[in-house]
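Each remark here refers to the structure printed beneath this line.
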Amino acid sequence: SPGQHRFLYALTTFSGDWVSAGIVNQAHAFAYPPITTLTDAHAGPLPPDAALVHCDNPHVILSALTASKRRGAFVVRCYNSSPQPQRAELMIALAARVRAVNFLEAPIQRPLRRLGAQRWRIQLGAFEIMTLQVTTH
């Protein structure tokens, strides 16, 4: 491609294999830092240090969080970055209901286990992608 180009590189060291070292998680964090939206100052329902979505498994990468087609909902997309099946616990603030959906947000049958208020357990196969629709009320 003609023209000027700009590249960013990141180097890291690790011991063991790339899966156990969490290299995909580090690469994703470098390549895709969180994007925010500016809004007016107002009191929100969450404390300042709260995360909208938190995953306890470093092999399960949260790759997207976006508004849903459904009013009062948002979509969380994650994937298993390892060649082994993974189980993860998601803490999703404001979540009243969570259901697995396909890329078009149509419901699909997937085992989601509710562990408590705003906590769910998911199971992902090797390199599997999962999309969740989160209803907030």
Treat each ILVMFWY residue as a node, draw an edge where side-chain heavy atoms are under 4.5 Å apart, and state whether [X] and [Y] are in one component.
X: M91; Y: I122; result: no
X: V134; Y: L104; result: no
X: I129; Y: L124; result: no
X: V24; Y: F127; result: yes
X: I92; Y: V101; result: no

For residues 72-83, which side-chain donor-acceptor pairs fall under 3.5 Å, sequence neighbours excluded?
| from | atom 1 | to | atom 2 | distance (Å) |
| --- | --- | --- | --- | --- |
| R77 | NE | T131 | OG1 | 2.9 |
| N80 | OD1 | S82 | N | 2.9 |
| N80 | OD1 | S82 | OG | 2.9 |
| N80 | ND2 | Q84 | O | 2.8 |
| N80 | ND2 | G125 | O | 2.8 |
| S81 | OG | H59 | O | 2.9 |
| S82 | OG | Q84 | N | 3.3 |
| S82 | OG | Q84 | O | 2.9 |
| S82 | OG | Q86 | NE2 | 3.1 |

Give, for atom [atom1] of [X] and atom [atom2] of [Y], the distance between the pair rounded to the nearest 0.5 Å.
X: I23; Y: T12; atom1: CD1; atom2: OG1; result: 5.0 Å
X: R99; Y: T135; atom1: CZ; atom2: OG1; result: 6.5 Å
X: N102; Y: Q133; atom1: CG; atom2: CD; result: 10.0 Å
X: L11; Y: Y9; atom1: CG; atom2: OH; result: 10.0 Å
X: T136; Y: R70; atom1: OG1; atom2: CZ; result: 10.0 Å

Using the side chain to side chain donor-acceptor pair (under 3.5 Å) definition, which of the options R113, H54, R121, R119 pairs with E89?
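Of the listed options, the one satisfying the test is R119.
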Could you tell me whether the side chain of Q123 reaches within less than 4.5 Å of the side chain of R87, counting heavy atoms only?
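Yes - at least one pair of side-chain heavy atoms lies under 4.5 Å apart.
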L112 vs L132, side chain to side chain contact (heavy atoms under 4.5 Å, CB included): CA-CA, chis, key distance, verdict:
CA-CA 10 Å; L112 300 177; L132 304 170; 3.9 Å; yes
